[in-house]
Amino acid sequence: MHFKTDLDYNGNYENVQKRGLVEIVTGGGAVSNINDKKNYAQKLDIHQQFAFKNGGKSQIEFELTDGRGTTRTYEIYAAGDDGNIIAGAKIKRGTLTANAIDLSSADFTGANPVFPEGKEKKFVIVLRDEAAPMNTGTGDVTGDTERRLTLLVTLGVKTVDTRQPQVVILPFYWNGESDNSIVRTKDSNGIVDAAGHIEIARVSVDSSGNPSQGVSDVSGKVVVRGTAYHPARLTKLELTVPNTASSASEVTVTADYTAAGWNSTSSPKLEVTDERIDVNGHWVAWEYVWDTGTPAVNKEIKAAAKHDSVTSVSTAAGSLVPKNAQERPDEQSLKLAAGDTAVKGQFLRLIKDEHSYLVTINRVNDDGTVEWRLTNVPKEIEDYYLYPVDYSTTGPSYNAPEFKVNIVPYITGIETPLSIGGDTEPDLYARTALGCYPVKDGATITVKGFNLKAADSTGAVCAVVKGADSSTSKNLTAVSGKENEWTLELPADAKSGTLTARVNGIEAINNKNDNAKDYNKAKKTANNNKLTDDVELDVWQFNSKAALPGRGYIAESVMRINPANGMIGFAFANGPDFFSMSKGKNNSYQEWHKNNDEFREIDFVYDSSGTSHGVVVAQDMNSDRNQASNLDYLTSQWGSGGYNYSGEYALRLEKIGQIGNMKGEGGNILDKNRIQHPSLAVAKNADNGDTRLYLAYYDNLNDQIRFKAGTLKSTMTWNERKGQPSDTKYKMTDSSGNIVSSSVDIWARRYWKSGAAAAQFPIKPFGQFVDEAWTKEIQKYNQDNVSIVAGKYMDGTVIKPTGNNTGTYLSLGVVPGATADKDVAVLVWFDETSKKLKYTYNKYPTKEDSSIIPADNPPFPIADPSNPDVAKLKFHTRTVPPRHFGTQTPGTSTPDGYWNEVKDVETTGKKNAKYRRTHPLK
């Protein structure tokens, strides 16, 4: 027996799996033989699989064998549980045509229809052959009257259903980059990019600054999704959005159920993405690509569904409580919570945080496990909503036809002149490690984003920071021929800070949202995987007269920002014979140091009190006399002036020449490039003001990376030291040569030219910072006051390797501790032999400075910790690939535990924090 009903009203009977259409249910009954095989009695219960839903076109078809003759007559009537006709029931009689009974509307209507409405109705169908002819008008039977086939069938009848449909608008969700509520499109290069943005838990505020009332913030193109259901049949869907990119008022889109399925003439279409229509009802899942319009908050999306002329309720009804699955056997099934039941076609939404998976149940097992297809839902997601099919006499028990949202501006990115270098990765060079956009004051930048124009097409008003408590506003200008692209000319007085875009008083949410959310992260670049959607400008004020040479030109300029007052400071080679540097908190730079030739190889830093420290190499040399200038250390704590050779207010650390090689063999060597890439790092003791200084540089003559450490006492001023070879201890003197009794002791070590009548002693004011290159003449190889990090070193008269290859490019930093013994000096350099970036650190690098009379300071070989103190001070080295640093966390025990996160230069926490990255020049 085949029971048929035309659910889609296309005039045919068919089952279409792709559409979820079930119009034909086939079954056979249990056989009971009576009266010597004359009377066949059968029972069939299909009320859970089939219901007549189209009174105008339904059919019962039989597959019959045997019997007498070819004519078959039938009787149909409503019966009770006992199979007997209900008193007064209407009987339908006739003759089978092609072994089928075609039903009509008259069979389902009227005061006493053949098929009264109901979910579980019993009917008797009696078939006779020519051995027992029946008068189809009167029902009289002749011949063998007991000869018949009797079928007691239980099924549903739902041809007349005036109950209201159910419609549900689902929340926005984020399951991952490829499964979420955002529309994604491909650009001309085939790159997939987001055409919209969502903030699932709203962060926006209204034009008065009050929290908006919408559930979510949306921008650009987003996907609105939902479901609809009716126990019989859905005929129409409607969705109304507050506005669109092309309409400032509400827009309604529709989809109609036709003989060919669902059809939408709207643009964009209201699409049905999943459907099932069977005995249990008509389910659809739908979606709409909404191109949001002018920003506005607290706006409603509204949905409706129809069954013929009956429309769903326009207000919410009931509520759903999430249930927890008893079991998740695999990614396409779950065991319902105790007490829950489900039917095929019913919608199930699995949820966790902002994850949401809507699936259609296609199998219900006896143990309460339900299954679905196509969608894999992670097994750790166990909570679910089961969208109900239970109904009252008029409507559904649950209805959610409204969803409130906020349409907000959103900036997807900034393009500056630096963006061009990144090609398909515009942020590669255009953003700092913290994600800020460096721009020139007065520059014109491109702002990309969604919903950045008002209804009259006026570009968003952008607030650009002018100072700590002020800003200036300028409108965006649309880029001709480009969608969602605008230009913004920064005012000349713009300062660093956030860029805020407003439309109708509603602010873009970039700088308000949660950067931990995946949808608020920016695309990774080759050197930064921590970028977010924050929009912050580093406004650089360019001044062509910021640093000027006395004559000639400037070379090797270094710029720092004084943390004490936010002032910009410079150090540079000033023309052919001067070195200039900042005098701490007093100025940005001044002439500091003189030489007979140019200066090169410069570094310069501030300590936390604003005192400046610098190193510089003078380039003068006299080959006839084997004389060469020096690598000098300078600081504003001592003052400025003097010459590189004479060493006023300086420590002469190294000559740019050497007598022979490391063993003193060979001819004299003069090399302007001996000292390369010096790098200074500084830590300040907050308790007594002492400054711990660290210096690393490459020694080209000896192919070494050298390191120095020492503590500069806050009470130590500069004074030239002279004396006799027998003297080893001095006090500081004033300008008249009188001993300052309260001054600290200065210890000297003997370095003088052999045969000199009165030697000048190199003072050793702190640690390995020693005025040892005090002669004009070049000196022999010396490693007394350095640590050898890479290359070779002298062990007595034997040259030994440290185990580390050298490289000229290096950078030194310090992880400052509360005290000197807690400092960790951190060094990276490019190993030019292995072509790898090397990383090393030194705990307590000023340890040798803690003794009153320092012992000879030996090198620090990696593999030779013969002395216990040396073992404690040795460098630990590891090889890392040449990549962006800053992703590791400082540790406490492992050799590679001291990474310092890369940060932008700023003065947060200081009294001048308001000048963050925009600093005065003096």
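Since we're looking at a predicted model, the values are computed, not measured.
- At distances below 3.5 Å, not a single donor-acceptor pair connects side-chain atoms of Arg560 with backbone N or O atoms of Gly569.
- Of all heavy-atom pairs between Trp540 and Met559, the closest is CZ3-CE, 3.4 Å.
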**OP:** Decide salt bridge (charged side-chain N to carboxylate O under 4.0 Å, His left out) for Arg692 and Asp607; before the verdict, give the C-alpha distance in whole Å, the side-chain angles of both, and the deciding distance to 0.1 Å.
**Re:** CA-CA 9 Å; Arg692 302 185 292 278; Asp607 63 33; over 6 Å; no
**OP:** Would you please test Thr802 and Val789 for side-chain contact (heavy atoms from CB on, under 4.5 Å) and show each step?
**Re:** CA-CA 7 Å; Thr802 62; Val789 180; over 6 Å; no
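- Remark: the backbone N or O of Glu665 is paired with a side-chain donor or acceptor of Asn661 at under 3.5 angstrom.
- Between the side chain of Gln637 and the backbone N or O of Met716, at least one donor-acceptor pair lies under 3.5 Å.
- Not a single donor-acceptor pair under 3.5 Å links the side chain of Glu777 to the backbone N or O of Arg625.
- Residues Val616 and Glu601 form no side-chain contact, since every pair of their non-hydrogen atoms from C-beta on lies 4.5 Å or further apart.
- Heavy-atom neighbours of Phe578 CZ from other residues, nucleotides or ligands within 6.0 Å: above the threshold of 12.
- Between Asn574 atom CG and Lys594 atom NZ the span is 10.0 Å, to the nearest 0.5 Å.
- In the model, Asn644 has no side-chain atom that pairs as donor or acceptor with a side-chain atom of Asp620 under 3.5 Å.
- Nearest heavy-atom pair across Asn595 and Gln619 is ND2-N, 3.4 Å.
- Each of Asp771, Asn630, Asp632 was scored for a side-chain hydrogen bond (donor to acceptor under 3.5 Å, both in side chains) with Arg652, with one residue passing: Asp771.
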Original post:
After noting the C-alpha distance and the side-chain angles of Lys684 and Asp690, does the key distance pass the salt bridge (charged side-chain N to carboxylate O under 4.0 Å, His left out) rule?
Top reply: CA-CA 6 Å; Lys684 190 79 169 179; Asp690 293 347; over 6 Å; no
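- The backbone N or O of Tyr589 lies less than 3.5 Å from no partner atom in the side chain of Ser582, so there is not a single donor-acceptor pair.
- Around atom OH of Tyr781, more than 12 heavy atoms belonging to other residues, nucleotides or ligands sit under 6.0 Å away.
- Residues Glu832 and Thr806 bring no donor and acceptor atom of their side chains to less than 3.5 Å of each other.
- Formation of a donor-acceptor pair under 3.5 Å by the Lys822 side chain with backbone atoms of Pro816 is not found in this model.
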**OP:** Show the numbers, then the answer: is there a ring-ring contact (aromatic ring centres under 6.0 Å, His included) between His677 and Tyr809?
**Re:** CA-CA 6 Å; His677 304 127; Tyr809 293 98; 4.6 Å; yes
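- Remark: side-chain polar atoms of Asn529 are not paired, donor with acceptor, to backbone N or O of Lys524 under 3.5 angstrom.
- For the atom pair Ile799 CD1 and Tyr793 OH, the distance stands at 11.5 Å (nearest 0.5 Å).
- Lys585 is not listed as a side-chain neighbour of Met567, based on a closest heavy-atom distance of 4.5 Å or more.
- Looking at Asn702, its side chain never comes within 3.5 Å of a backbone N or O of Gln704 through a donor-acceptor pair.
- For the 3.5 Å distance criterion, the side chains of Asn782 and Glu772 qualify, holding a donor opposite an acceptor.
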**OP:** For Asp671 and Asn700, run side-chain hydrogen bond (donor to acceptor under 3.5 Å, both in side chains): C-alpha distance rounded to whole Å, both residues' side-chain angles, the deciding distance at 0.1 Å, then the answer.
**Re:** CA-CA 8 Å; Asp671 182 4; Asn700 188 53; 3.0 Å; yes
Subject >> Pair Leu695-Leu653, side-chain contact (heavy atoms from CB on, under 4.5 Å): steps then yes or no >> reply: CA-CA 11 Å; Leu695 171 65; Leu653 305 178; 3.8 Å; yes
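- Under the side-chain hydrogen bond (donor to acceptor under 3.5 Å, both in side chains) rule, Ser640 has a single partner from Gln590, Lys583, Glu591, which is Gln590.
- Between Phe599 and Phe579, the ring-plane angle classifies as tilted under the 30° and 60° cut-offs.
- Looking only at atom types and distance, the side chain of Asp427 has no donor-acceptor partner in the side chain of Thr525 under 3.5 Å away.
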**OP:** Take Asp699 and Arg674, measure what salt bridge (charged side-chain N to carboxylate O under 4.0 Å, His left out) needs, and give me the verdict at the end.
**Re:** CA-CA 5 Å; Asp699 180 348; Arg674 176 185 179 181; 3.0 Å; yes
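- Test Gln783, Glu654, Gln768 against Arg706 for side-chain hydrogen bond (donor to acceptor under 3.5 Å, both in side chains) and you get one pass: Glu654.
- In this structure, the side chains of Ser629 and Met621 stay at 4.5 Å or more apart for every pair of heavy atoms.
- Between Lys655 and Ala628, the shortest heavy-atom contact is NZ-O, 2.7 Å.
- In this structure, the side chains of Asp823 and Val815 stay at 4.5 Å or more apart for every pair of heavy atoms.
- Using a 4.5 Å heavy-atom threshold, the side chains of Asp831 and Lys838 count as touching.
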Original post:
Could you walk me through whether Phe572 and Trp592 pass the ring-ring contact (aromatic ring centres under 6.0 Å, His included) check?
Top reply: CA-CA 10 Å; Phe572 52 89; Trp592 198 277; over 10 Å; no
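- Atom-to-atom distance recorded for Cys436:SG and Leu531:CG is 10.0 Å, nearest 0.5 angstrom.
- Minimum interatomic distance between Val558 and Phe604 (heavy atoms only, all atoms of both residues): O-CD2, 3.9 Å.
- Between the side chains of Tyr694 and Ser679, not a single donor N or O lies within less than 3.5 Å of an accepting N or O.
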Subject >> Worked verdict on Val615 versus Leu680 for side-chain contact (heavy atoms from CB on, under 4.5 Å) >> reply: CA-CA 8 Å; Val615 288; Leu680 269 174; 4.1 Å; yes
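- The CD1 atom of Ile656 lies 10.0 Å from the CG atom of Leu631; values are rounded to the nearest 0.5 Å.
- When atom types are taken as modelled, the side chain of Asp795 and the backbone of Val798 share no donor-acceptor pair closer than 3.5 angstrom.
- Between Glu648 and Ser646, the side chains place a donor N or O and an acceptor N or O closer than 3.5 Å (distance only, hydrogens not considered).
- Side-chain N/O atoms of Asn596 and Tyr643 include no donor and acceptor closer than 3.5 Å.
- Put simply, the side chain of Ile554 does not reach to within 4.5 Å of the side chain of Phe570, judged on heavy atoms.
- Considering all non-hydrogen atoms of both residues, Ala430 and Leu418 come closest at CA-CB, 3.9 Å.
- When all heavy atoms are compared, the tightest approach of Leu693 to Tyr633 is CD1-OH, 3.1 Å.
- To the nearest 0.5 Å, atom CG of residue Asn622 and atom CG of residue Asp597 are 11.5 Å apart.
- Ser588 places a side-chain N or O within donor-acceptor distance of the main-chain N or O of Ile568, the cut-off being under 3.5 Å.
- Two rings, from Trp829 and Tyr697, have their centers 6.0 Å or more apart.
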**OP:** Apply side-chain contact (heavy atoms from CB on, under 4.5 Å) to the pair His613 and Thr691, showing each step before the final yes or no.
**Re:** CA-CA 10 Å; His613 306 267; Thr691 304; 3.9 Å; yes
